[in-house]
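Here the structure is laid out as structure tokens; the discussion comes afterwards.
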Amino acid sequence: MRLSTYFLPTLKENPADATMASHRLMVRAGLIRPLAAGIYSWLPMGWRVMKKVMEIIREEMDAIGGQEFQLPALNPIEIWEETGRVEAFGDTLFHIKNRPLVLAPTHEEIFTTIARDNMKSYRDFPQIWYQIQTKFRNEPRPRSGVIRGRQFFMKDSYTFDRSFEELDKSYLLHREAYKKIYSRSGLKFFIVGASSGAMGGTGSQEFMVESVDGEDTCALCDDCGYAANLEVASSAVKPVGRLDDSRSIEEIHTPNAKTIDQVAAFLKVSTDRLAKSLVYKTDDTAVLILMAGNDQLNEAKLTAALGKGAVPMQPEELALSTGAGAGSIGPVGLKNFRIIADKRLEDANELISGANKDDYHIAHVDLMRDVKVDGYYDLRTISAGESCPGCGHQLRVVNAIEIGHIFKLGTKYSAALHASYLDEAGEEKPIVMGSYGIGVERIIACHIEQNHDDNGIKWDKAVSPFDVHLASVNMDNKDVVAAADKVYSDLKEAGIEVLYDDRQGVTPGFKFKDADLLGMPVQVIVGERNLKQGNIELKFRSTGERKVVPSAQVLSEIKSYLAN
RNA sequence: CGGGGCGUGGCUCAGCCCGGUUAGAGCGCUUGGUUCGGGACCAAGAGGUCGUGGGUUCGAAUCCCACCGCCCCGACCA
């Protein structure tokens with residue numbers, strides 16, 4: 001491709017509204033242009049990268065027996081109502097105004113419908129179906145360039161099996177395929193145990209790229225490899241436990257002591273002996289949650305424990321239902337509440353909690369004796385430096401970008417949509433499903449996050465829009481042009497993708513800067529200086545290494561570089 | 001949705017606080033010339049409803065109100 005005729009708008013200056021390196025560079029290098037918040041146009045250079053990433057995905061999906069579909073983005077709203085996901089998605093689901101249609105944010109419903117209508121016998125299984133489709137989600141706040149958009153490409157696949165055992169196999173196939181996809185895309189990534197969230201199902205894992213700009217937070221053990229999203233991460237923190245000296249409860253006056261630290265200081269006890277009470281409500285139940293000391297409640301874990309979402313109760317409601325304000329609430333004698341507690345407090349005694357009376361606390365609380373605890377769950381948010389639950393090593397807590405998520409869905413969707421088959425015994429069974437997603441844009445953005453410097457992008461050859469950036473330093477010199485033209489045609493003939501900067505009247509410095517910004521792995525620089533000796537210069541973008549070689553060797557040098 | 005910031009030629013920004021001629025700069029663009037190995041130089045040009053609407057005023061990019069858009073933090077995030 002000759003740059004003189006290629007549409008490639010590059011920018012010298014950083015766009016004002018881009019903060020992440022990948023976002024800045026994708027705009028500056030002419031990969032994308034913003035159209036509206038969270039909506040981007042892919043320009044020819046960017047689309048080349050997109051197609052390469054999609055091709056890697058296709059190859060690895062096909063390798064595990066995946067079959068590619070292309071499904072509509074416009075869906076009748078009825079099938080989303082059948083699975084209850086119109087409500088589950090809420091405002092995130094785009095609705096069409098003048099038809100009862102929605103724009104699909106994912107495709108469980110349609111794929112399941114196709115399976116339901118066509119997969120009737122146990123002989124039809126297993127199946128792996130996938131597509132690479134534009135998804136639409138009305139994100140409340142799009143951000144970070146293409147990383148969180150309202151319209152984006154997702155590779156989504158779905159497996160259909162007869163049993164949970166067979167689902168495990170399909171799930172593992174995907175896990176391995178995903179590792180290959182991300183490795184081939186030149187990404188450093190890790191896998192974490194994750195929360196299934198509103199997707200439901202029996203288990204899930206996320207593929208993550210460490211990044212200070214990541215929206216997710218993960219706990220990592222560098223020793224044994226434990227890795228989990230903070231939504232589910234646990235640590236080997238000590239339980240509060242029982243003290244031998246168990247006394248009967250006693251109300252104590254604690255004026256102006258509201259926070260855990262204030263109460264602990266006032267009573268001169270360790271914060272661990274305090275049981276903090278938090279009040280949440282679901283659509284039908286008021287819930288009191290007991291946490292040890294200053295432990296932070298993890299709302300994702302709470303949702304998992306309750307089986308549904310819960311929101312903090314407002315101050316007015318608090319006073320009405322407990323008789324006290326936040327800071328003085330406690331489990332003893334509390335009516336009409338479901339009471340649950342963090343595992344750290346399991347069967348603990350000699351605790352101090354609120355008395356449901358402003359400025360009073362109750363001491364010597366024994367959760368086995370004085371409180372009807374409805375269950376102990378892991379509800380706390382772990383923090384950096386706590387011990388790994390696997391090996392005891394200190395955990396690291398890092399931000400990360402989610403680039404893929406694999407779910408064991410089980411029968412949630414097949415049950416809702418009545419997708420069943422007849423087994424060998426002629427018995428009707430629900431289809432067992434898995435669903436697996438990859439954010440295609442995120443692979444590109446993360447690749448740039450991990451491979452760039454102040455001058456621009458450093459593409460890995462696997463996803464680089466072109467293999468070679470050929471620059472002719474002086475287009476007015478006939479010899480230079482002739483030599484560059486020859487390199488261009490030789491490379492093309494050899495099947496190497498080459499971008500040829502043949503622009504007239506562009507100074508060498510400008511061309512070099514553009515070459516570094518665009519970031520092709522190999523630069524071939526044809527200039528008068530070296531050509532006089534019959535030489536041509538190669539520059540390797542990732543290392544900055546330069547090499548002057550005889551013109552006749554250029555092709556073989558490049559071939560061998562690209563081959564390994 | 002809460003908090004904050006921004007909106008002025010294609011891009012990056014100044015001017016606004018303290019209203020007053022033809023609204024500026026750099027980059028980019030056009031033409032001519034000189035340059036030609038790390039974002040060249042000279043000269044001449046083109047290009048702007050100052051986000052939109054309303055208000056105050058003799059007079060609004062500038063002050064007031066409303067709305068829209070974009071970015072950041074938070075909430076949210078199959």
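Lettering follows sequence order; numbering is per chain, from 1.
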For residues 507-533 of chain A, the ring pair (Phe, Tyr, Trp, His ring centres under 6.0 Å) pairs (sequence neighbours left out) are none

[atom1] gap between [N] and [M], integer Å:
| N | M | atom1 | value |
| --- | --- | --- | --- |
| rG53(B) | rA60(B) | C1' | 15 Å |
| rG7(B) | rC50(B) | C1' | 10 Å |
| rA25(B) | rA14(B) | P | 16 Å |
| rG69(B) | rU8(B) | C1' | 15 Å |
| rA46(B) | rC63(B) | P | 31 Å |
| rG28(B) | rU12(B) | C1' | 11 Å |
| rC18(B) | rU22(B) | P | 24 Å |
| rC58(B) | rC17(B) | C1' | 23 Å |

[N] - base-pair partner by Watson-Crick or wobble geometry, distances under 3.5 Å:
| N | value |
| --- | --- |
| rA61(B) | none |
| rC16(B) | none |
| rA66(B) | rU52(B) |
| rG74(B) | rC1(B) |
| rC36(B) | none |
| rU30(B) | rA44(B) |

Do F207(A) and I406(A) touch side chain to side chain, with heavy atoms closer than 4.5 Å?
-> yes

Of M154(A) and N530(A), whose nearest nucleotide on RNA chain B comes first from the 5' end?
-> N530(A)

All N/O donor-acceptor pairs, side-chain side in residues 514-521 of chain A, below 3.5 Å, sequence neighbours left out:
unit_1: D514(A); atom_1: OD1; unit_2: T10(A); atom_2: OG1; d: 3.3
unit_1: D514(A); atom_1: OD2; unit_2: R503(A); atom_2: NH1; d: 3.4
unit_1: D514(A); atom_1: OD2; unit_2: R503(A); atom_2: NH2; d: 3.0
unit_1: D516(A); atom_1: OD1; unit_2: Q523(A); atom_2: NE2; d: 2.8
unit_1: D516(A); atom_1: OD1; unit_2: K539(A); atom_2: NZ; d: 3.0
unit_1: D516(A); atom_1: OD2; unit_2: K539(A); atom_2: NZ; d: 3.2

Salt-bridge criterion met for K412(A) and E108(A) (N-O under 4.0 Å) = no

So what does [X] hit on the nucleic acid, given a heavy-atom distance under 4.0 Å: a base, only sugar-phosphate, or nothing?
| X | value |
| --- | --- |
| P15(A) | sugar-phosphate |
| D476(A) | base |
| M20(A) | nothing |

[X] [atom1] to [N] [atom2]: how many Å, rounded?
| X | N | atom1 | atom2 | answer |
| --- | --- | --- | --- | --- |
| K532(A) | rC36(B) | NZ | C1' | 13 Å |
| L230(A) | rC77(B) | CG | C1' | 16 Å |
| N138(A) | rC1(B) | CG | P | 11 Å |
| N229(A) | rC77(B) | CG | C1' | 12 Å |
| E528(A) | rU35(B) | CD | C1' | 13 Å |

Solution key, residues 89-99 of chain A side-chain donor-acceptor pairs under 3.5 Å, sequence neighbours excluded:
unit_1: T92(A); atom_1: OG1; unit_2: F89(A); atom_2: O; d: 3.4

Protein proximity profile, nucleotides 38-47 of chain B - base contact B, sugar-phosphate-only contact S, no contact -, cut-off 4.0 Å on heavy atoms | BBB-------

Could you encode protein contacts along nucleotides 68-76 of chain B as a string, one character per nucleotide from 5' to 3', using B for base contact, S for sugar-phosphate-only contact and - for no contact, with a heavy-atom cut-off of under 4.0 Å?
-> --SSBBBBB

Donor-acceptor pair under 3.5 Å: do we get one between E13(A)'s side chain and the base of rG26(B)?
-> yes

Could you pull out all residues at least two apart from F189(A) that satisfy ring-ring contact (aromatic ring centres under 6.0 Å, His included)?
-> Y182(A)

Do other residues, nucleotides or ligands put more than 12 heavy atoms under 6.0 Å from the CD atom of Q553(A)?
-> yes

Pair listing, salt bridge (Lys or Arg N to Asp or Glu O under 4.0 Å) test, anchored in residues 146-155 of chain A, at least two apart | E139(A)-R148(A), R148(A)-E215(A)

Which residue pairs pass the salt bridge (Lys or Arg N to Asp or Glu O under 4.0 Å) test when at least one of the two sits in residues 68-82 of chain A, sequence neighbours left out?
-> R58(A)-E68(A)

Is a donor on one side and an acceptor on the other found under 3.5 Å between the side chain of Y500(A) and the backbone of V487(A)?
-> no

Sequence neighbours left out, what passes side chain to side chain contact (heavy atoms under 4.5 Å, CB included) with D453(A)? Give chain and number order.
-> N455(A), K458(A), R541(A)

